[in-house]
Amino acid sequence: MGIFSRRAQDGDPFELGMSLWRQGRGAEAAKAFKDAVRADRRSVDAQFFLGASLAEAGDAKAAVAPLAKCVELAPAHADGHNTLAMVLGRLGRTRESEVHLAHAAYLGHPQASETLRELGLGHCRRCGDPVEREAPVEALVRYHGPRVGMECEKCPTVFCVRCVLGNGASGVAPRCLECGTTLRALRTTSPL
Ligand SMILES: [Zn+2]
Ligand SMILES: [Zn+2]
């Protein structure tokens, strides 16, 4: 068995997986991608499609590890972050899901940007972390929580508080890191 268990006529497990995946046969594709990952753990594509096919087959829990490996190997893999966000969301791991969704949006994934916006979130232009576009009511008083987005009045680029203020510079009026214009905390007025 081991590395000699693959017979020549089996072909490349990744190619087999892709062919099953294109036919919408997620569970069977996952088996083939599992073989592909076993053959090369550092294959970004094999890790991604293993996770994506497990997610499609309804196994969100098993999909987490390969997708996390995918974005660890390729931090700029927008689809990897987006799919990981989706499965973490299904598992109720909301905060982690939001981080990966924000990073997918940061990397230009259009669907992630849309989903993020629907959740009342945005992403920091500098670091890609999620920021709140709709602050809780308490934020109407002076203190803004660490996740409240700061939007430039001119660009209008959004940053997280940490990127704008760094550590312990809270006395300084926050300025846009792109153009230097004043930033305001993001919030929408309650319709009530
Ligand atoms: Zn930031
Ligand atoms: Zn600006």
Side-chain angles (χ1 to χ4, degrees), residues 42 44-45 47-49 51-52 55 60-61 63-191:
R42 300 195 63 79
V44 172
D45 286 339
Q47 296 282 4
F48 172 72
F49 282 103
K61 207 168 176 183
V64 172
L67 290 167
K69 192 70 190 174
C70 164
V71 300
E72 182 200 314
L73 293 166
H77 199 298
D79 278 326
H81 283 288
N82 188 59
T83 311
L84 181 53
M86 195 180 73
V87 299
L88 289 168
R90 267 190 226 162
L91 295 168
R93 292 163 67 174
T94 310
R95 282 288 166 124
E96 293 164 271
S97 171
E98 289 170 359
V99 168
H100 289 286
L101 193 62
H103 279 260
Y106 171 68
L107 295 164
H109 197 290
Q111 197 198 318
S113 300
E114 207 175 293
T115 310
L116 205 59
R117 197 166 274 272
E118 283 165 12
L119 293 169
L121 299 172
H123 69 268
C124 172
R125 178 71 70 88
R126 181 60 59 97
C127 72
D129 277 355
V131 294
E132 289 167 5
R133 300 190 69 95
E134 293 183 71
V137 178
E138 304 89 84
L140 293 172
V141 292
R142 274 275 169 256
Y143 175 74
H144 300 295
R147 295 216 329 158
V148 173
M150 304 292 285
E151 186 176 50
C152 175
E153 289 176 351
K154 198 169 148 209
C155 299
T157 308
V158 176
F159 300 99
C160 71
V161 171
R162 202 182 54 247
C163 279
V164 171
L165 296 178
N167 296 319
S170 54
V172 183
R175 300 265 169 195
C176 175
L177 301 175
E178 300 277 324
C179 74
T181 305
T182 313
L183 296 171
R184 63 185 178 82
L186 283 172
R187 57 171 186 250
T188 54
T189 317
S190 167

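When a ligand or atom number is given, it counts from 1 through the structure's own listing order. Side chains included, hydrogens not; waters and symmetry mates left out as well; all remaining heavy atoms used.
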Quick one: does Arg93's side chain have a donor or acceptor within less than 3.5 Å of a partner on Val87's backbone?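 Side chain of Arg93 to backbone of Val87: no pair is present.
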Are [X] and [Y] within salt-bridge range, i.e. N to O under 4.0 Å?
{"X": "Glu98", "Y": "Arg147", "answer": "yes"}
{"X": "Lys154", "Y": "Glu178", "answer": "no"}
{"X": "Glu114", "Y": "Arg117", "answer": "no"}

Between Asn82 and His103, is any side-chain donor less than 3.5 angstrom from a side-chain acceptor?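 Absent: no donor and acceptor within the cut-off.
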Nearest atoms (heavy-atom pairs only) where Val44 meets His77: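 Minimum heavy-atom separation between Val44 and His77: CG1-CD2, 3.5 Å.
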Nearest heavy-atom pair of Gly51 and Ala63: which atoms, and what distance?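 In terms of heavy atoms, the two residues are closest at O-CB, 3.3 Å.
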For the Zn ion (ligand 2), which protein N/O/S atoms fall under 2.8 Å? Skip waters.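 Hits for the Zn ion (ligand 2) below 2.8 Å: Cys152 SG, Cys155 SG, Cys176 SG, Cys179 SG.
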Please work out whether the ring planes of His100 and His81 are parallel, tilted or perpendicular, with thresholds of 30° and 60°.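 If you compare the ring of His100 with that of His81, the planes turn out parallel.
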Near the Zn ion (ligand 1) (under 2.8 Å) - protein N, O or S atoms: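 Metal shell, protein only: Cys124 SG, Cys127 SG, Cys160 SG, Cys163 SG.
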Gap between atom CG of Leu183 and atom CG of Leu165 - 0.5 Å precision: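 Atom-to-atom, Leu165:CG and Leu183:CG are 8.5 Å apart.
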